[in-house]
Amino acid sequence: MAAPTASASLNASTYSPGDQMNLTVTYGDADTRPLTVTIVVTDAQGNSSAPVRVAAVIDPLTVTVTDDSGRSWTRLSDNGAVAVYRAVA
């Protein structure tokens, strides 16, 4: 199994106390697999429902952000490949 990959960047290299710190994390995993399940229900007379599909992800990823000052990071967005977090300096 491949290990997940991640890269991160901050919106600045220095901050004054009280400044907003924006952190962008780009991440992925080569062996995370999307899965689609299709369901059709058929009765005894052979009548069938329309197909219904539901999606899932095998081996989902979780992003955790901490820093050495104990600062609280708030997730602003996460689309499954790029996550944006904010904290106060």
Side-chain angles (χ1 to χ4, degrees):
M1 297 189 98
T5 59
S7 62
S9 62
L10 287 165
N11 63 317
S13 58
T14 60
Y15 299 91
S16 297
D19 285 351
Q20 294 285 325
M21 302 171 66
N22 292 328
L23 172 68
T24 301
V25 179
T26 303
Y27 63 97
D29 189 358
D31 55 8
T32 296
R33 299 180 313 269
L35 170 73
T36 301
V37 178
T38 303
I39 300 100
V40 175
V41 178
T42 305
D43 66 16
Q45 289 78 33
N47 300 309
S48 297
S49 69
V52 177
R53 291 177 179 81
V54 63
V57 175
I58 306 298
D59 193 19
L61 300 173
T62 302
V63 177
T64 303
V65 177
T66 59
D67 67 31
D68 57 5
S69 72
R71 180 173 287 107
S72 176
W73 290 88
T74 302
R75 183 177 62 204
L76 300 179
S77 64
D78 187 346
N79 68 9
V82 176
V84 178
Y85 291 81
R86 178 172 290 157
V88 177

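Numbers for residues simply follow the sequence, beginning at 1.
What you find for R71 and A87 is that their closest heavy atoms are CD-CB, 3.3 Å. Taking both residues in full, the closest heavy atoms of V57 and P60 are given as O-CD, 3.8 Å, listed atom of the first, atom of the second, then distance. In terms of heavy-atom proximity, Q20 sits nearest to Y15 at O-CE2, 3.5 Å. The two residues S48 and T42 come nearest to each other via the heavy atoms OG-OG1, 3.0 Å.
Note: the hydrophobic cluster containing L10 also contains Y27 (ILVMFWY, side chain heavy atoms under 4.5 Å, direct or indirect links). Under the 4.5 Å side-chain contact rule for hydrophobic residues, V84 and V25 do not share a cluster. Hydrophobic clustering, with ILVMFWY side chains joined whenever heavy atoms are under 4.5 angstrom apart, keeps L35 apart from V52. Residues V40 and V37 do not share a hydrophobic cluster, clusters being chains of Ile/Leu/Val/Met/Phe/Trp/Tyr side chains in contact below 4.5 Å.
Considering OG1 of T64 and CH2 of W73, their distance stands at 14.0 Å, rounded to 0.5 Å. The distance from atom CG of L76 to atom CZ of R86, rounded to the nearest 0.5 Å, is 5.0 Å.
When atom types are taken as modelled, the side chain of N22 and the backbone of N11 share no donor-acceptor pair closer than 3.5 angstrom.
The side-chain heavy atoms of L61 and V63, taken from C-beta on, include no pair separated by under 4.5 Å.
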